[in-house]
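Step one of this worksheet: look at the structure below.
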Amino acid sequence: MPDPSDARGSYYATTPIFYVNAAPHIGHAYTTILVDVVTRFHRLRGDDTYFLTGTDEHGEKVAKAAAAAGVDPQTYVDRVTGQFRSTWDSMGIAYDGFIRTTDPAHKKVVQDVLQRVYDSGDIFYGEYSGLYCVGAERFVTEKELVDGCCPDSDDPPELRVEANYFFRMEKYRPWLRETIEANPDLIRPERYRNEVLAMLREPIGDLSISRPRARVPWGIPLPWDEEHVTYVWFDALINYWSHLVTEGLERRYWPAVNHFIAKDIVKPHGVFWPTMLKAAGIPLYAHLNVHGYWLADERKMSKSLGNAIKPLDLQEKYGHDAFRYFLLRDMSFGLDASFHEAGIAERVNSDLANDLGNLLHRTLGMLGRYTGGVIPAFGELGPDDEALRDAFLGLADAVSRRFDELQFDRAIEDVMVAVRKANKYVADQQPWALAKDPAQAAKLGTVLRSVVEALRVASVLLEPVMPTKARELRAQLGLADAPATLDDARRWDGAPEGTATRPGEPLFPRVDLEALAAAMAEPAAPPLEHKDEVTIDDFAKLEFRVAHVQHVEPHPKADKLLVLTVRVGPETRTIVSGIKQHYTPEQLIGKRVVIVANLKPVKLRGVESQGMILAAEDADGNLAVATLDRDMPDGAEVR
Ligand code: ME8
């Protein structure tokens, strides 16, 4: 471990701290899993690594959600932050720190930073009017609106005129622009760097950093004016710093900071945060890494749109390693990706069950049959054996480079390409044929041992993505459960000969795609059953009229019947109808309904019915009486 005062070799990665206005969904799970994978990779590589996540608990949006839930904000945030934490815990997310912005220690650091910036003269009091989006918790420009609504939501902004404290953000615009221009890797991928540079080409204005306590009481009071609370973004962004300060880790991990966010919050992280850091005299972060959206039905998955998918449901169904594999493999960092459950199932079957799981299964089977289940020694390596070895031993550096370049999907694919090569190698070398010839025993040993090494190396490199399955794979090969390092993927002799293998359950059970498709398909509506056709003359024999309900009482002798007195023009009629379970007399009196007026009168349990009320009935027996969508005089004919 490096000297604590030495920031070199250290790697500090953060997720956004999520709003606690609703439970976590796939989008939150993605960023959190991603940072979990990235930090596991850095640990594998031997970096001094720290992973921070947490929850953003102040602001108008959270206060509104608490009010809607009918509880005070603190009770509410305690509840929802618990949901985030327990979701991450049950998904095996290995965070080092979990920050809540309601932690007293965080509040104190926010107040210290504010005071420092205030004392330096970069905060002033003024009046402002602008368009505010509560969903995004920030003022937006007209340009940012999409069809008059806030970005990523269907809500219009609110016009706000308020006296607040302002941070002189505009003052730092030239500095920020130059800094981003001089550091091509600061904000990445490049499209988001360009997005921020485009914002900085025009005035960014000063940032309103307080809210009157009288209107928004839920927040951190300004240290010099208790009548104002801190604007939620000014409070939230400081979490990345305040946590380290609280833990005494800032010298060890700052500024080796890698923020991971989605593209929705580029402006606060790419504009507000660097200028805040500069004003507070804190060094700038190392990288802002921005990913795209997971889309459901081609729209951003979000709490407010209600198309959010619960991560726990899926990881339960497919296992958390397969779920992580899918999320990392199916999104190219920086671009949007479509979320379809069938996509997880296809990945499980093709990459995990077919390519990787099957290679392990076949290898263990052959070891059982040909070597008594024991890992054999290498014989002399031929060109094919060397080619396989070289393909695998080149992976550690290749994957490491991919991680540095944020190409996580490519990193995984590099490993899977090698795994497919190993499958082809088995097919080409035909160990089953070698096993028949005692003269080929050494060659058989080489082939089987090569595949064991290939599986072991693959398991090391895939461990950050699939920690449980990687260890399970090595356990089935009989290898000790020692923590892996990247160097384990740089050697071709990591599985000692003579080790007894321990075959177990298939690593990745196949998903029955047909059953999944059937379960996901909407049940087809049964066809309508039509009666015999009638002619217009047949139809003309029926007389429908508007009837005005005057009086309703239960049938004296039948549970399900009501007796209605209706007026049909000059006539008053009695109609017996089987709608008692669906309507109270009060719901019917005064209604204008449609009746069949020329139906031959019949006696129903002793009461004569002089017509029939029309009603619609669904397959479950729910019933609605046919009424008219505008007033018509009773007696009017319906055709
Ligand atoms: O913005 N696809 O919190 P938030 C991918 N509290 N990622 C998604 C996503 C999607 N469809 N939806 C959400 C906030 N995310 C602030 C952050 S940080 C100082 C304060 C992920 O709960 C992604 O990481 O709205 C995105 O940036 C974040 O959730 C927004 O979470």
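Computed from a predicted structure; not experimentally measured. As the structure lists them, so they are numbered: ligands from 1, and atoms in each ligand from 1.
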Region of [X] that comes within reach of ligand 1 [heavy atoms, distance under 4.0 Å]:
X      : value
Asn239 : side chain
Tyr30  : neither
Phe260 : neither
Asp264 : side chain

Do Phe18 and ligand 1 have an N or O pair less than 3.5 Å apart? no

Less than 3.5 Å between some nitrogen or oxygen of Ala262 and one of ligand 1, yes or no? yes

Please determine whether a side-chain nitrogen of the Lys or Arg among Arg116 and Asp112 lies less than 4.0 Å from a carboxylate oxygen of the Asp or Glu. no

Is the closest basic N to carboxylate O distance between Glu162 and Arg160 below 4.0 Å? no

Just jot down the ligand 1 atoms closer than 4.0 angstrom to any heavy atom of [X], in number order.
X      : answer
Asp56  : 6 (N), 16 (C), 20 (C)
Thr31  : 21 (C), 23 (C), 24 (O)
Gly27  : 2 (N), 5 (C), 7 (N), 8 (C), 9 (C), 10 (C), 12 (N), 15 (N), 21 (C)
Ala236 : 19 (C)
His291 : 5 (C), 7 (N), 24 (O)

Mind checking whether [X] has a heavy atom under 4.0 Å from ligand 1?
X      : answer
Glu137 : no
Gly292 : yes
His269 : yes

Among Trp233, Phe339, Tyr19, the residue with a heavy atom nearest to atom 22 (O) of ligand 1 is Tyr19

Report the member of Phe84, Tyr240, Tyr293 with the shortest heavy-atom distance to atom 18 (S) of ligand 1. Tyr240

Using the test salt bridge (charged side-chain N to carboxylate O under 4.0 Å, His left out), find all partners of Arg40 that sit at least two apart in sequence or belong to another chain. Asp36

In chain order, what residues pass the salt bridge (charged side-chain N to carboxylate O under 4.0 Å, His left out) check against Arg213, with sequence neighbours excluded? Glu226

So CZ of Phe84 and OG1 of Thr53: to nearest 0.5 Å the spacing works out to 8.5 Å

Within this structure, what is the OH-CZ distance for the pair Tyr12 and Phe51, rounded to the nearest 0.5 Å? 11.0 Å

Are Lys469 and Phe508 in a cation-pi contact, defined as NZ or CZ under 6.0 Å from the six-membered ring centre and within 45° of the axis? yes

Aromatic Phe272 / basic Lys267 pairing, under 6.0 angstrom, 45° off normal: no

Any side-chain to backbone donor/acceptor pair from Asn183 onto Thr179? Under 3.5 Å, distance only. yes

How about Ser86 and Asp89: does a side-chain donor come under 3.5 Å of a side-chain acceptor? no

